[in-house]
Amino acid sequence: MDSSPQDSSLNAARRTRELARAAVETADVLVVGLGATGAGAALDAAARGLNVVAIDAHDLAFGTSRWSSKMIHGGLRYLAKGQVGVAYESALERGHLLTRTAPHLVSAFPYLLPLTPAVSGGQAALVMTGYRLGDGLRAAARTPRRLLPGPSTLTATRARELAPALIRYGLRGGLLSWDGRLLDDARLVVALARTAAGHGARILTRCRALELSPAGARVRDELTGEEFTVRARAVVNATGVWAGTLDPGVRLRPSRGTHLVLRPDALPGLRAGLHVPIPGESNRFALVLPQPDGRVYVGLTDVTVDGPVPDVPQAPEEDIRTLLDVLNTVLETELPRTAVAGAYAGLRPLLAADGRSADLSRRHAVLARDGIVTVVGGKLTTYRRMAEDAVDRAVAVRGLRAGPSRTAALPLVGAGPVPAGAHPRLVRRYGADAPAVQRLVTAHPEPVGLGLTLGDLIWSVRHEGALDADDLLDRRTRIGLVAEDRERAAWAALGAFR
């Protein structure tokens, strides 16, 4: 199979054509799950020249991959725990995203740790040592300093310039560090899926795997109810927290991470992210991350979840109150509950082990059982390495003929040069696709919220695989995170399909 790039557009018409092919042909690799790891595996396999079918019961980035902290980090927390290998792997993968594969989606961002009376001099020195070690990881991963500056110490005046809402009394300065961040984690998954499609992978959403076997899967088209068989020489289970439903031998211990969505006026003038020490914890921080649309995300909790795994986890009021209480420890004026416009929660697919979920390793595992390869654990930053390892194992277990992975240097859709004159908002969101999107935005300039237009939504229908209004409001954009924003944009989400 030719592995050179082809048309990367995903839409309902393409789904119909490729669904018909998937029901009658035999693929080299069937990937189940289209979060970051699954979409990454589809791209990895397709870029090696393998014939790929990738399915998901819902939509691209429907699960954990849209509920992250939006950070692409260098593994500092793991370094503090002595997990040097995990930390170095994170730094390497961050470097790939910043420099080659997705520089249009991932960029450096500053994070401020306020030195309040709750942070002792010894603690501050220890944290700064960690930041410097993290900068050493950056150097070891060969990520240029121009893309990721080193840490520094700030005066109290400078700290408040970056975060005017910080408490005044007792503030003696701040520690500034830099790390990677995503504008939107779901957009990374969309880019992965489109790039895989451009290399020939058949990307099929709304197709639920009912049962796996080494020779493929029994699948149901969730739009029609029709059941059929997808035949494949190798099967990769990349369904995250749901992996155990298809492979009962996998033992996971899901952990819930809750984030708040603060109203745009909650923390005015915030120019950097914040690391807020969690009371009673020696090496854990809440994260405050301002968004280009004015919203501010605050996260995250780390709570073990027992029982059945829901399709869409809910953020409990207890988590919301906890995060708000932590944030208020560093603010001059306490934020009330009404400052929280929305909240979201995601479940991390951690490998089962004894101890708190906050202490479990984020190292991933690739398991081969009865001819089926399952990839679990890990984190968003290392999705590419997880995908590579899963495809390597599938190729070895099933005896497929394929070359080595190419994805460490393979640019995602949108990562190419941007023509002069492209609109900055569109460049930040679409990269090299910005001029094409601009034509739709010009023709359909009606605002729908968060600085987006009806033209943005039409682009997602025609090129990014959105099949209904929820796809548009909850994955292709994040309008749906706030209920009143969703209501105001409902007309546009429906109109985009006309």
Side-chain angles (χ1 to χ4, degrees), residues 9-12 59-62 66-67 70 104-105 107 109 181-191 194 259-271 289-298 338-344 413-414 418-498:
S9 293
L10 296 174
N11 49 50
D59 183 28
L60 306 176
F62 184 85
R66 65 169 157 146
W67 302 129
K70 316 297 181 284
H104 60 308
L105 297 175
S107 59
F109 197 72
R181 68 167 287 182
L182 279 161
L183 177 67
D184 188 329
D185 45 7
R187 294 207 61 75
L188 174 65
V189 179
V190 170
R194 288 188 60 203
H259 290 77
L260 311 182
V261 183
L262 301 184
R263 300 185 187 281
D265 59 351
L267 296 174
L270 185 62
R271 296 164 52 198
L289 190 59
Q291 302 301 304
D293 55 52
R295 294 171 171 178
V296 177
Y297 296 160
V298 181
T338 53
V340 180
Y344 64 87
V413 163
V418 178
H423 194 286
R425 176 188 77 80
L426 299 178
V427 171
R428 287 193 301 269
R429 187 170 180 82
Y430 303 100
D433 279 341
V437 182
Q438 179 67 62
R439 291 190 285 273
L440 276 176
V441 169
T442 300
H444 304 277
E446 299 88 342
V448 299
L450 304 189
L452 302 169
T453 70
L454 178 58
D456 290 274
L457 302 190
I458 294 172
W459 174 267
S460 290
V461 172
R462 295 181 181 177
H463 300 282
E464 295 182 342
L467 299 180
D468 64 19
D470 288 345
D471 290 356
L472 289 175
L473 298 178
D474 297 332
R475 268 83 62 184
R476 303 311 179 278
T477 74
R478 291 313 177 89
I479 293 173
L481 285 176
V482 176
E484 52 261 42
D485 292 348
R486 169 187 278 278
E487 292 174 8
R488 285 193 290 266
W491 66 271
L494 295 175
F497 292 94
R498 294 174 185 157

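What you see is a predicted model, and the numbers here were worked out from it, not measured in a lab.
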Tyr430 vs Glu464 side-chain heavy atoms within contact, under 4.5 Å: yes
CG on Leu467 to CZ on Arg475, rounded to 0.5 Å: 10.0 Å
Taking every non-hydrogen atom, the tightest pair across Ser9 and Arg462: CB-O, 4.1 Å
Nearest heavy atoms of Ile479 and Ala489, plus distance in Å: CG2-CB, 3.8 Å
Criterion side chain to side chain contact (heavy atoms under 4.5 Å, CB included) against Thr442, the qualifying member of His444, Arg439, Gln438: Gln438
Qualifying residues under ring pair (Phe, Tyr, Trp, His ring centres under 6.0 Å), relative to His259, sequence neighbours excluded: Tyr344
Side chain proximity check, Trp491 to Glu446, heavy atoms < 4.5 angstrom: yes
Interatomic distance, Arg181 atom CZ to Tyr297 atom OH [nearest 0.5 angstrom]: 9.0 Å
Residue list, side-chain contact (heavy atoms from CB on, under 4.5 Å) with Val427, at least two apart or on another chain: Val418, Ala422, Ala434
Heavy-atom side-chain contact between Leu454 and Pro445 under 4.5 Å: no
Minimum side-chain heavy-atom gap Val413-Asp433 below 4.5 Å: yes
Closest non-hydrogen atom pair, Val448 against Ala492: CG1-CB, 3.2 Å
Short N-O contact, Asp470 and Arg486, less than 4.0 angstrom: yes
Residues Asp265, Arg295: salt bridge by 4.0 Å N-O rule: no
Heavy-atom pair of closest approach, residues Leu105 and Arg429: CD2-O, 4.1 Å
Ile458 vs Phe497 side-chain heavy atoms within contact, under 4.5 Å: no
Ala493 to Leu457 - nearest heavy-atom pair and separation: N-CD1, 3.9 Å
Donor-acceptor under 3.5 Å (Arg187 side chain, Arg476 main chain): yes
Residue pair Leu188 / Asp185, side-chain heavy-atom distance below 4.5 Å: no
Residue of the set Leu481, Asp456, Asp293, Thr477 for which side chain to side chain contact (heavy atoms under 4.5 Å, CB included) holds with Leu450: Asp293
Asp468 side chain vs Asp471 backbone, donor-acceptor pair below 3.5 Å: yes
Smallest separation among heavy atoms of Leu472 and Ala466, with atom names: CD2-CB, 3.6 Å
Under 3.5 Å donor-acceptor, Arg66 side chain and Arg478 backbone: no
Atom pair OG (Ser460) and CG (Leu10), whose distance is rounded to the nearest 0.5 Å: 11.0 Å
Value rounded to 0.5 Å, distance of CZ in Arg428 from CG in Asp184: 13.5 Å
Side-chain donor or acceptor of Glu484 paired with backbone N/O of Val482 under 3.5 Å: no
Side chain to side chain, Leu289 and Lys70, heavy atoms closer than 4.5 Å: yes
